[in-house]
Amino acid sequence: MTEAIIRGLDFTGIDINPLAVLVCEAKAAIDAGADVNGAAKTVIHYLRTDIQETIDVEFNNRSKWFSDESAMHLSRVRRGIEQVADRAARKVLWTAFAETVRKSSNSRTSTYKLHIRKDDELVEGSRVASIFEDVLRQTLYRIEEYRKEHLAGRARKPKVRIICSDVRVAKLGKSAKQHDILVTSPPYGDNQTTIPYGQFSYLTLQWIPEIDLPAGWSSDHISNTHALDSSSLGGSKVGAMEKAETMKFTSPTFAAFVKTARNAGNTAAIQKVGCFTYDFLESLSQIRSQSSSSAHWILTTGNRTASGMRVPFDAICRDIVEFLGGKPIATLQRELPSKRMPSRNSVGEMITAEATLVAEFA
Ligand SMILES: C[S@@+](CC[C@H](N)C(=O)[O-])C[C@H]1O[C@@H](n2cnc3c(N)ncnc32)[C@H](O)[C@@H]1O
């Protein structure tokens with residue numbers, strides 16, 4: 001999104017995770033000039049005067065993840081942000097709040113899965129306000145830097161649309177027949193056994209008022225810690241063998257993978273990879289059916305291990321693109337520079353390289 005709008009290009013983005021969408025909405029609000037400094041002053045002023053000791057949010061196991069003291073201080077910050085009248089500016093403040101929730105919860109910050117911290121790593125509730133103020137200060141600094149660098153002299157104000165939906169059913173609602181560029185880094189497998197983005201977002205999403213979550217978000221997705229991951233690509237194993245059959249027909253690479261897995265008696269790998277790649281095929285079909293006839297796609301993929309077998313997702317992705325009528329024109333390989341981001345999955349296995357496929361639809 002950022003790369004599109006700094007070039008003045010219209011942008012449509014889709015994600016099933018309300019937190020991912022909220023972060024984009026906040027970035028779009030920053031780009032569009034929302035008064036975040038004014039909003040920050042309102043909250044800071046409010047925090048100097050609120051001495052209420054209520055806890056405004058309750059959910060299953062709340063006291064496991066937040067002490068009463070932390071929950072009380074987080075409630076004050078939450079009430080402070082609610083004082084801000086401008087919704088766009090509030091979105092930015094919720095991202096600073098989200099980081100505060102993450103830093104002050106009883107869940108470790110080193111893993112995507114919810115995992116209780118050791119006693120000596122617990123954060124005192126009394127630190128919540130100062131954590132928020134620190135994050136907010138950094139946010140304001142970065143907003144100023146961004147605006148200095150990117151807003152002056154821009155030829156055109158781009159239109160930004162962020163859709164909170166399962167991409168398999170998303171309605172892109174495009175009007176003009178333009179050349180489309182699709183850029184995506186899809187998940188590399190089902191969230192449960194790669195990166196559980198849903199679990200990662202669960203606590204934060206409990207704390208942000210529903211009214212400020214993106215339009216289209218589903219309360220079902222935050223009803224328990226696994227719901228969002230189960231609804232994400234590869235999250236359901238229903239009809240696994242039928243899905244694998246369709247994928248064999250779509251992708252010669254997947255068919256070869258099934259043969260090897262069968263010889264090894266590894267049905268779990270066939271089901272897991274069949275479901276995920278089928279869902280991915282559905283996603284790309286859905287996008288293709290609503291996009292302009294002429295388009296470029298840029299897809300970044302990584303090859304994970306599933307049930308002990310390396311999955312050639314880069315080659316399967318290429319097969320899917322060809323199946324949909326696209327012509328691969330380049331592949332760029334890159335070693336992952338850092339171990340911090342999605343390179344490490346929830347079972348500790350590393351993805352150390354990524355492949356980016358560039359394809360053309362004429
Ligand atoms: C590796 S991250 C990439 C994020 C970033 N939007 C990008 O494309 O570079 C994969 C994203 O796919 C999203 N996702 C997974 N299943 C989805 C689905 N069925 N519909 C829409 N988004 C989904 C996850 O929530 C996660 O944010």
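Ligands are counted one by one from 1 in listed order, and the atoms in each one are counted from 1 as well. Because the structure is predicted, anything quoted here is derived from the model rather than measured.
- Residue contact check: Asp166 has heavy atoms under 4.0 Å from atoms 18 (C), 19 (N), 20 (N) of ligand 1.
- At a 4.0 Å heavy-atom cut-off, ligand 1 does not touch Ala170 at all.
- A salt bridge is defined here as a Lys NZ or Arg NE, NH1 or NH2 lying under 4.0 Å from an Asp or Glu carboxylate O, and Lys91 with Asp86 fails to meet this definition.
- Close contacts between ligand 1 and Ser165 involve ligand atoms 20 (N), 21 (C) [criterion: under 4.0 Å to a heavy atom].
- The heavy atom nearest to atom 26 (C) of ligand 1, considering only Ile195, Asn17, Asn191, Asp15, is found in Asp15.
- Using a 4.0 Å cut-off between a side-chain N of Lys or Arg and a carboxylate O of Asp or Glu, Arg79 and Glu82 do not qualify as a salt bridge.
- At a 3.5 angstrom cut-off on N or O pairs, Pro186 does not count as close to ligand 1.
- Considering backbone and side-chain atoms together, Val183 places no N or O closer than 3.5 Å to any N or O of ligand 1.
- Tested against Trp297, the residues Thr184, Val183, Val321 include a single side chain to side chain contact (heavy atoms under 4.5 Å, CB included) partner, Val321.
- Among Phe276, Tyr188, Tyr197, the residue whose heavy atom lies nearest to atom 1 (C) of ligand 1 is Tyr197.
- Counting only non-hydrogen atoms, the option in Gly198, Ser231, Ser185, Gly13 that gets closest to atom 8 (O) of ligand 1 is Ser185.
- Contact check on Lys148 versus Glu145 returns a salt bridge, with a Lys/Arg side-chain nitrogen under 4.0 Å from an Asp/Glu carboxylate oxygen.
- Arg310 and Thr305 are linked by a side-chain donor-acceptor pair at a separation below 3.5 angstrom, with hydrogens and angles left out of the test.
- Within the 4.0 Å heavy-atom cutoff, Ser283 does not count among the residues contacting ligand 1.
- The pair Asp180-Arg288 fails the salt-bridge criterion, with no side-chain N (NZ, NE, NH1 or NH2) lying under 4.0 Å from an Asp/Glu carboxylate O.
- Ionic pairing of Asp31 and Lys157 is not present here: no N-O contact between side-chain nitrogen and carboxylate oxygen is shorter than 4.0 angstrom.
- Residue Val167 has at least one N or O atom closer than 3.5 Å to an N or O atom of ligand 1.
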